[in-house]
Every structure is written in C-alpha cells, then in structure tokens.
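See structure below.
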Amino acid sequence: MAQVINDIGQMQGLCLRLRIEGKRIAVVPTMGYLHDGHVSLIREAKARADVVMVTVFVNPTQFGPGEDFTRYPRDLDRDVRIARGGGADYVFAPTVDAMYPTGFAAFVDVDRIANVLEGKSRPGHFRGVATVVAKLLNITQPHVALFGQKDAQQVVIVRRMVADLDFPVQLIICATVREPDGLALSSRNSYLTADQRAQAPVLFRALTLAGRLVEHGERRSSRIKGEMTELIKHEASCEIDYVSVADASTLEEQEECHGTLLVSLAARFGSTRLIDNIVIDVNGHHA
Ligand code: PAF
C-alpha cells in the first residue's frame, strides 16, 4: 500500500529529506474519489519522478455556499488502493483543521483570468484553488506537479500563479480521459442518475461539433456557440450555464476565431454541474 500521511510537518519533512537525497518528487493534487483520469496523471508522474505523492483533500475554500462540499464523494481507503495501483508512493490526506487552522488569513488571488467562465459562475472558486495548490506545493516541494486538462481554467490559473510567484516546479498537463461515449471522467459523474448519465455525452458531442465547424472554415464564434447550444438543447434536458469560445491563454472571449481556442462549457443535469472543454488550433488540429 502507498503510505498515508496526514500530518503537514511530517509530509514536509519527508519531502525535504527526499530532495536532499537527490530524489525527484512528483505531486498529483486531487480531491480524491479517484478515477482513471487521476490514474493517468499518477502513471505520468511515475514516469517522470522517483517518488510520487498523491494528495487527497476536499478543499472547502474552493466550494461556494450551497455547492457540494459536504456531499462530495469521499473514500480514502479506495483512493489509497487506486493511487498505489497507479504507482503512487505516498498519499497525503490532511484534515481541514490542519490546512485551515483558526486564524488562517492568507489567500492567493489570481487576477482577471479567475473572474471569467468558472470563476464568474463560482465566485471565489479559484481563490480557493490557487490557495490550496500553493499550500500543497509548499508542503510537498515537488520538482513536477501534474494536472488534468479537464479543468482547463484551473490549469491557466495554476500556470499563472507558478510563474508570477516563482514556484520552482514544472507543470505537466495531461489530456482529459473520457468514457467510450465521450463523457469526460469526473468524480461528480457519480451523482448522475441513469437518465442524466445517458444524456451527458452530448457535452462532448457539442465540443466535437465546434471542432468540425472550425475545421470547415467557420470563424464566427457566435455561430459556433449557437450551434453547440442548439445541439445540447435538442438532445438533453440540462440547463446550460455557459458555452465559451475564448483565447486559450488569456481566456478572453473571441468574436472572430484565431490562434489557439479554448472551447469550453458548463451545464447542470439536475443538481450536478459538469464542465468540459477542447483546445482547437484554428490553423491546425484540435487536441
Ligand atoms: O482539480 C482538483 O481536483 C482540485 O481543484 C485541486 C487542484 C486538487 C485543488 O483542490
């Protein structure tokens, strides 16, 4: 079994010791309830480092009031088994009180790019994400940290934070892992009813449609977003939160598509909010 460490001081001490021994450390930050998307990150971490740390922490500061913090799925034993299976050496699972003791007051705010898309729908979300990622990087002192492209805006924000605050870490971003029908893997998929699960792949079909439209020369983002919205409304009874065609690095909405695009969307199936995205190179292929 991967060794489980709960104590911040113990984890930091271990990581500093490993560094002194010349070991290369990789960290995979997660909120647990691991799935194959996380396993792909852990495997990639194993290929790039001597020691792999998986952090499992459902971070309260990135959930807004009324969001799913209390019902977010938690199963540490299962996570430890899956992390170990993927090649993790240690699982770091601190308590909320240890991470946010009484009097905690230092937060990391990433300007502008944190206030659009997910940040607009979930005010304060990325302040919580940036703060906890900064803490996890300071605790584990990794050479490499791995994140999934599924949370595209999180990737842009963590990149910005790491660059602006000089964290000495290399970021590796891994492709979204999907079910055979295209649904992006997410711990939140476990909330879906059978009927919602059957409808949810429409999100990836809409993203794929955007890719095809660009490939066939469409450059007006209003048309692309319009067709995506129409497809989703036609095939699923979900509530669309947003459909966006933005510059992949600034996250500014584009009117006339050019360069590298982040096409992203969020929709609610009942009380379950799903997000997904693809990156499209207007002059080449999409990823
Ligand atoms: O992507 C996630 O699971 C979380 O946002 C992260 C990066 C572990 C921070 O809590």
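Every number for a ligand or one of its atoms is a count from 1 in the order of the listing.
Proximity to D151 (heavy-atom distance under 4.0 Å) selects the following atoms of ligand 1: 1 (O). Applying the 4.0 Å criterion to heavy atoms of V132 picks out, from ligand 1, the atoms 9 (C), 10 (O). Per-residue contacts place P29 under 4.0 angstrom from the following atoms of ligand 1 (heavy atoms of the residue considered): 8 (C). The Q154 neighbourhood of ligand 1 comprises atoms 1 (O), 2 (C), 4 (C), 5 (O), 7 (C), with distances under 4.0 Å to a heavy atom of that residue. The contact set between ligand 1 and T30, taken as ligand atoms under 4.0 Å from a residue heavy atom, comprises 8 (C).
Ion pairing between a basic and an acidic side chain is recognised when a charged N comes within 4.0 Å of a carboxylate O; R220 and E218 show such pairing.
Shortest contact from atom 10 (O) of ligand 1 to any protein heavy atom: Q62 OE1, 2.6 Å.
Both V156 and V132 belong to a single network of hydrophobic side chains, linked directly or stepwise wherever heavy atoms of I, L, V, M, F, W or Y lie under 4.5 Å apart.
The main-chain N or O of V177 is never found under 3.5 Å from a side-chain atom of K150 such that the two would form a donor-acceptor pair. Within the 3.5 Å criterion, the main-chain N or O of H258 finds a donor-acceptor partner in the side chain of Q254.
Heavy atoms of other residues, nucleotides or ligands lying less than 6.0 angstrom from CD of Q10 number more than 12.
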